[in-house]
Amino acid sequence: MLGKMAAPVLEHGEDAFRKLFRFYKRRNPPPDFSQVIDFSKRVDDERVFATELDHSSLGEVAACSAGLRPVKEWRAFGLQAHPGFIFISNPFLPGSQRYWIKQCLKAYPQKPNVCNLDMHMSSTETENIWEKSVESIRKKGKREPRTLLEKLRWVTLGYHYNWDTKTYSADHYSPFPPDLHTLSQTVAAACGFPGFQAEAGILNYYRSDSSLGIHVDESELDHTLPLLSFSFGQTAVFLLGGTKRQDPPTAMFMRSGDLMVMSGSSRLLYHAVPCILPAPACQPLPSCLDQRLEKQPVSEDLIQDVSEEDWAVCSRYLQTSRVNMTVRQVLGPGQTLPTTQPLVGAVSESRSGYHDESEEAAQNVKKRKNESGSEVDC
Ligand code: SIN
């Protein structure tokens, strides 16, 4: 392990999560990734078991229309330490991830959806982020200022998450994208949650130096419903912990096309993304993104082909980026949300979201509410 930092010894009773988060976030010397579970390979690890999904819940035609392989071909896994957690190793058909990536970069950042740039820019300035960015991304030289697309950190869909109050409200809502709703319903059904309603989405945009602080997603009113997570682009290390910060987390790679489902007793676990792995020079984009769709989509299909022109921008962007979509059902049967409480003072961009981009930022205390309602630092 010459030149690499070995895994820290975790002592019970201290904040084991933060310790491991810092370990994987460190760049110099680079950490030892040997304990990180890699579901893209043959998994021979006592922490992991293969899990069967409900093949009958989803016809092959419906799966294919959403760009997914037939459920019987999905490689799904559970973790011994985290019942209710499901990891599905890239179930997308060749070429179909391109559609979802284009939606994340071109369609979903559009108004009326909300993004981090809205916190300090006018709505005219944050209109048409894609159109305002593409020229510069196409011809990008190293020293050019970042485009709006490259400054995007998060987008919220459906019930827009309020980072300041950590709540959703009935009157801060825009229609959830129907295509992502169908994809989410399809995946949820295969995982044993038929009738899942995608009501809120948070898209996180990671540059190569980004990370996502330790948090629990608990603002939804019904925690019996799963949280779905879809990853595209560069590989991340994902940490899944317990209900307490001193529970040591399990580390796993999340690669392009991978899905995660947090349900049951894993729904309210601490989790975080300490780092994005730099792409190898010989393979700037994951190879699963090389292909175009094999089958010509028909008009009833949910996903459509991405033009070469649009893909040129997406692929350029993804060489140094990762995009993650988390989708949640907020309300259980009979539940309703209150309307917005007036806020004292404006939400500043630095207080919104939970990205931290540098070692310096890692030193800053980031706050998210823990399960008892008090603030925790990440
Ligand atoms: C999240 O926890 O909100 C996103 C996690 C990820 O980016 O994988």
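Counting convention: from 1, in listed order, for ligands and their atoms alike.
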Exercise. For Q283, does the CD atom have more than 12 heavy-atom neighbours from other residues, nucleotides or ligands under 6.0 Å away?
Worked result: yes
For this session: Please work out which of Y205, Y206, Y161 has its closest non-hydrogen atom nearest to atom 7 (O) of ligand 1.
Result: Y206
For this session: With Y99 as reference, evaluate K102, Q97, Q103 under the side chain to side chain donor-acceptor pair (under 3.5 Å) test and give the passing residue.
Result: Q103
Exercise. Would you call the rings of Y24 and F33 parallel, tilted or perpendicular, where under 30° means parallel and over 60° means perpendicular?
Worked result: parallel
For this session: Give the ring-plane orientation class for H82 versus F85, where under 30° counts as parallel, over 60° as perpendicular and anything between as tilted.
Result: perpendicular
Problem set entry | Side chain, backbone, both or neither: L212 near ligand 1, heavy atoms under 4.0 Å | side chain
For this session: Would you please test F77 and F49 for ring pair (Phe, Tyr, Trp, His ring centres under 6.0 Å) and show each step?
Result: CA-CA 6 Å; F77 302 93; F49 59 92; 9.0 Å; no
Exercise. For ligand 1, which atoms, with element, lie under 4.0 Å from some heavy atom of H271?
Worked result: 2 (O)
For this session: Give the numbers and elements of all ligand 1 atoms closer than 4.0 Å to a heavy atom of N204.
Result: 3 (O), 4 (C)
For this session: Salt-bridge test for R328 and E199: reply yes if a basic N is under 4.0 Å from a carboxylate O, no otherwise.
Result: no
Problem set entry | Numbering as shown, the atoms of ligand 1 that approach V273 to under 4.0 Å (heavy-atom distance) | 5 (C), 6 (C), 7 (O), 8 (O)
For this session: Give yes if a backbone or side-chain nitrogen or oxygen of S231 is under 3.5 Å from a nitrogen or oxygen of ligand 1, and no if not.
Result: no
Exercise. Is it the side chain (CB and beyond), the backbone, both or neither of R322 that lies under 4.0 Å from ligand 1, heavy atoms counted?
Worked result: side chain
